[in-house]
Amino acid sequence: QVQVVESGGGLVQAGGSLRLSCTLSGLTFADAPMGWFRQAPGKEREAVSGITPGGTTYYAESMKGRFTISRDKAKNTLYLQMNSLQPEDTAMYFCTADDFVDRALPWDYPGRYKYWGQGTQVTVSS
């Protein structure tokens, strides 16, 4: 059974930082394309960042330079370091994973990923 579990969300002031974590079980972590998405109330789910098994990283334009995706293969854990947070970053953040490397869909398309976590809430106060 595949499990995707996020943690690390919370309340932070504008300009602050948070690091989200995502543990993956039931899949070979090193072979799994993974990503982060977020969804704010009343808005569509949007891509934040993605990483391929080979280590190629992707970021949504508004996150470049502020967010960093990384992973620890020994811990089967994916991270999202978020700096310079702003109130518009407030959202539920979801970790995603897939078991098929060559799925012909872009990294920022939610349908590209088969497995999703329950999400972790990030709230940025002004």
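Values below: all heavy atoms of this structure, side chains included; hydrogens, waters and symmetry mates excluded.
Taken to the nearest 0.5 Å, the OG1 atom of T57 stands 10.0 Å off from the CZ atom of R71. Rounded to the nearest 0.5 angstrom, R45 CZ and M92 CE are separated by 9.5 Å. One finds the CZ atom of R19 at 12.0 Å from the OG atom of S17 (value rounded to the nearest 0.5 Å). Here Q3 contributes atom CD and S25 contributes atom OG; the two are 4.5 Å apart, rounded to the nearest 0.5 Å. From L11, atom CG reaches atom OG1 of T90 across 8.5 Å, with rounding to the nearest 0.5 Å. Taking CG of D89 as the start and OG of S62 as the end, the distance is 7.5 Å to the nearest 0.5 Å.
Taking the six-membered ring where the residue is Trp, W116 and F37 present tilted rings, their angle falling between 30° and 60°.
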- Task: Dump the intermediate steps for side-chain contact (heavy atoms from CB on, under 4.5 Å) on V4 and T96, then the final yes or no.
- Result: CA-CA 7 Å; V4 180; T96 65; over 6 Å; no
- Before giving the answer on side-chain hydrogen bond (donor to acceptor under 3.5 Å, both in side chains), spell out for T77 and D72 the whole-Å C-alpha distance, their side-chain angles and the decisive distance to 0.1 Å. CA-CA 5 Å; T77 301; D72 186 331; over 6 Å; no
- Message: Using the rule given for side-chain contact (heavy atoms from CB on, under 4.5 Å), can you reason through L80 versus S49, listing the C-alpha separation, both sets of side-chain angles and the distance that settles it, and then say yes or no?
- Response: CA-CA 8 Å; L80 184 69; S49 183; 4.2 Å; yes
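Ionic pairing of E46 and K43 is not present here: no N-O contact between side-chain nitrogen and carboxylate oxygen is shorter than 4.0 angstrom.
When only modelled atom types and interatomic distance are considered, N76 and T23 share no side-chain donor-acceptor pair under 3.5 Å.
V5 has its side chain out of reach of Q118: every pair of non-hydrogen atoms, C-beta onward, lies at least 4.5 Å apart. Proximity of C95 to M34: side-chain heavy atoms (C-beta onward) are separated by under 4.5 Å at one or more points. When side chains are defined from C-beta on, N83 does not count as touching L18, because their heavy atoms never get closer than 4.5 Å.
Remark: the backbone N or O of I69 is paired with a side-chain donor or acceptor of Y59 at under 3.5 angstrom. A donor-acceptor pair is defined here as one N or O able to donate and one able to accept, closer than 3.5 Å; such a pair exists between the side chain of E6 and the backbone of G119.
Y79 pairs with exactly one of M82, Q81, K75 by the side chain to side chain contact (heavy atoms under 4.5 Å, CB included) rule, that one being K75.
In this structure, D98 and R112 approach most closely via the heavy-atom pair OD2-NH1, 2.5 Å. Summarising the geometry of T120 relative to S7, their closest heavy-atom pair is OG1-C, 4.1 Å, with the distance given to 0.1 Å. Between V12 and G16 the shortest heavy-atom distance is CG2-CA, 3.8 Å. Of all heavy-atom pairs spanning A91 and A40, the tightest one is CB-N, 3.8 Å. Of all the heavy atoms in A47 and A60, the pair that sits closest is O-CB, 3.4 Å. Here the closest heavy-atom approach between residue R66 and residue S84 is recorded as NH1-O, 3.0 Å.
Hydrophobic clustering (side-chain heavy atoms under 4.5 Å, transitive across Ile, Leu, Val, Met, Phe, Trp, Tyr) keeps F67 apart from W107. Residue I51 is not grouped with residue F94 when hydrophobic side chains (ILVMFWY) are merged at heavy-atom distances under 4.5 angstrom, including chains of intermediate members. Put simply, V2 and L78 are part of the same group of oily side chains (I, L, V, M, F, W, Y) that touch within less than 4.5 Å, one to the next. Under a hydrophobic-cluster definition in which Ile, Leu, Val, Met, Phe, Trp and Tyr are linked whenever side-chain heavy atoms come within less than 4.5 Å, directly or via other members, Y58 and W36 are assigned to different clusters. Side-chain heavy atoms closer than 4.5 Å link hydrophobic residues (I, L, V, M, F, W, Y) into clusters, and following such links, even through other members, never connects V48 to Y113.
In this structure S126 satisfies the side chain to side chain contact (heavy atoms under 4.5 Å, CB included) test together with P87, sequence neighbours excluded.
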